[in-house]
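Below you'll find the structure, written out as structure tokens, and then a few comments.
These values consider heavy atoms only, across backbone and side chains, with no hydrogens, waters or symmetry-generated copies.
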Amino acid sequence: MAGNPVQDFDELMRSLNEGNSVPMIVHYADCQLISDNEIQERVPNAIGGMDIDVYEYYAEGAVRKKVAFVVFSTSKLIQNPIGDGYVYNYVKVSADNKVRITARYLNPITFEEEMDENFFSAIKDGSVYFYEQGSRAD
């Protein structure tokens, strides 16, 4: 069961602050991809997901930002489609409902960055979805 769809940033923060489990699903092909500082015409037809279990919220004006935002991340050992390595995903969601997903591929031995991609979208624009699933304590 997917749970209740989160409609915007305020609902996301309410749900997280109430201790609810909130998974995120991303349809990467529907996001804007910037890699090597260039907008990419071809975006991988891939779908990913992560549970938000640890996050940090920054209010408007904190850390010299004009818009409030929340960040969360995960590191997973997955098959890198262009080689071996770990994928580190860092997600930032702003109060204006913008979403930025940074995927970094790291060499499993040296931990050097092999590739850095940034996917841009917005909550409920057809590419990034959040679902409220009830308390993490349940």
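- Annotation: side chain of Val22 is not in contact with side chain of Asp51 (no heavy-atom distance under 4.5 Å).
- Taking the side chain as every heavy atom from C-beta outward, Tyr28 and Val128 never approach each other to under 4.5 Å.
- Proximity of Leu16 to Tyr57: side-chain heavy atoms (C-beta onward) are nowhere separated by under 4.5 Å.
- Closest approach of Gln7 to Ile123, counting heavy atoms only: O-CG2, 3.7 Å.
- The closest side-chain heavy-atom distance from Met13 to Asp10 is not below 4.5 Å.
- Ile34 and Ile101 fall into different hydrophobic clusters, where Ile, Leu, Val, Met, Phe, Trp and Tyr residues are linked whenever their side-chain heavy atoms come under 4.5 Å apart, directly or through other members.
- Between Tyr58 and Glu56, some side-chain heavy-atom pair lies under the 4.5 Å cut-off.
- Every residue two or more places apart in sequence or in another chain was checked for a side chain to side chain donor-acceptor pair (under 3.5 Å) with Ser94, and none qualifies.
- Between atom CG of residue Asn20 and atom CD of residue Glu11 there is a gap of 11.5 Å, rounded to the nearest 0.5 Å.
- Residues Val70 and Phe120 do not share a hydrophobic cluster, clusters being chains of Ile/Leu/Val/Met/Phe/Trp/Tyr side chains in contact below 4.5 Å.
- Each ring pair (Phe, Tyr, Trp, His ring centres under 6.0 Å) pair with one or both residues in residues 29-50, not counting sequence neighbours, would appear here, but there are none.
- Of the inter-residue distances, the one linking Asp53 atom CG with Ser73 atom OG reads 9.0 Å to the nearest 0.5 angstrom.
- Of the residues listed (Leu12, Val6, Asp8), the one engaging Val93 in a side-chain contact (heavy atoms from CB on, under 4.5 Å) is Leu12, and it is the only one.
- Here Thr74 contributes atom OG1 and Met24 contributes atom CE; the two are 9.5 Å apart, rounded to the nearest 0.5 Å.
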Residues 39-47, side-chain donor-acceptor partners within the protein, below 3.5 Å, at least two apart:
residue : atom : partner : partner atom : Å
Gln40   : NE2  : Ser35   : O            : 3.1
Gln40   : NE2  : Glu38   : O            : 3.0

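- Salt bridge absent: Glu117 and Arg104 never bring a charged side-chain N and a carboxylate O closer than 4.0 Å.
- For the residue pair Asn4 / Glu132, no side-chain donor-acceptor distance below 3.5 Å is found, with atom types taken as modelled.
- The closest side-chain heavy-atom distance from Asn118 to Arg100 is below 4.5 Å.
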>> Run the side-chain contact (heavy atoms from CB on, under 4.5 Å) test on Asp96 and Phe9 for me, step by step, so that the C-alpha distance in whole Å, both residues' side-chain angles and the decisive distance to 0.1 Å come before the verdict.
In response: CA-CA 7 Å; Asp96 57 5; Phe9 179 83; over 6 Å; no

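- Summarising the geometry, atom OG belonging to Ser121 is positioned 12.5 Å from atom CG belonging to Leu33; distances are rounded to the nearest 0.5 Å.
- By the 30° and 60° cut-offs, the orientation of the rings of His27 relative to Tyr129 is perpendicular.
- Note that CG of Asp125 and SG of Cys31 are 7.0 Å apart. Values are rounded to the nearest 0.5 Å.
- Inter-residue side-chain proximity for Val91 and Phe119 is flagged as unmet; no heavy-atom pair is nearer than 4.5 Å.
- Taking 4.5 Å as the limit, every side-chain heavy atom of Lys65 sits out of range of all side-chain heavy atoms of Val67.
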> Passes side chain to side chain donor-acceptor pair (under 3.5 Å), Gln133 versus Tyr131? Steps please.
Replying inline: CA-CA 6 Å; Gln133 292 193 311; Tyr131 297 96; over 6 Å; no

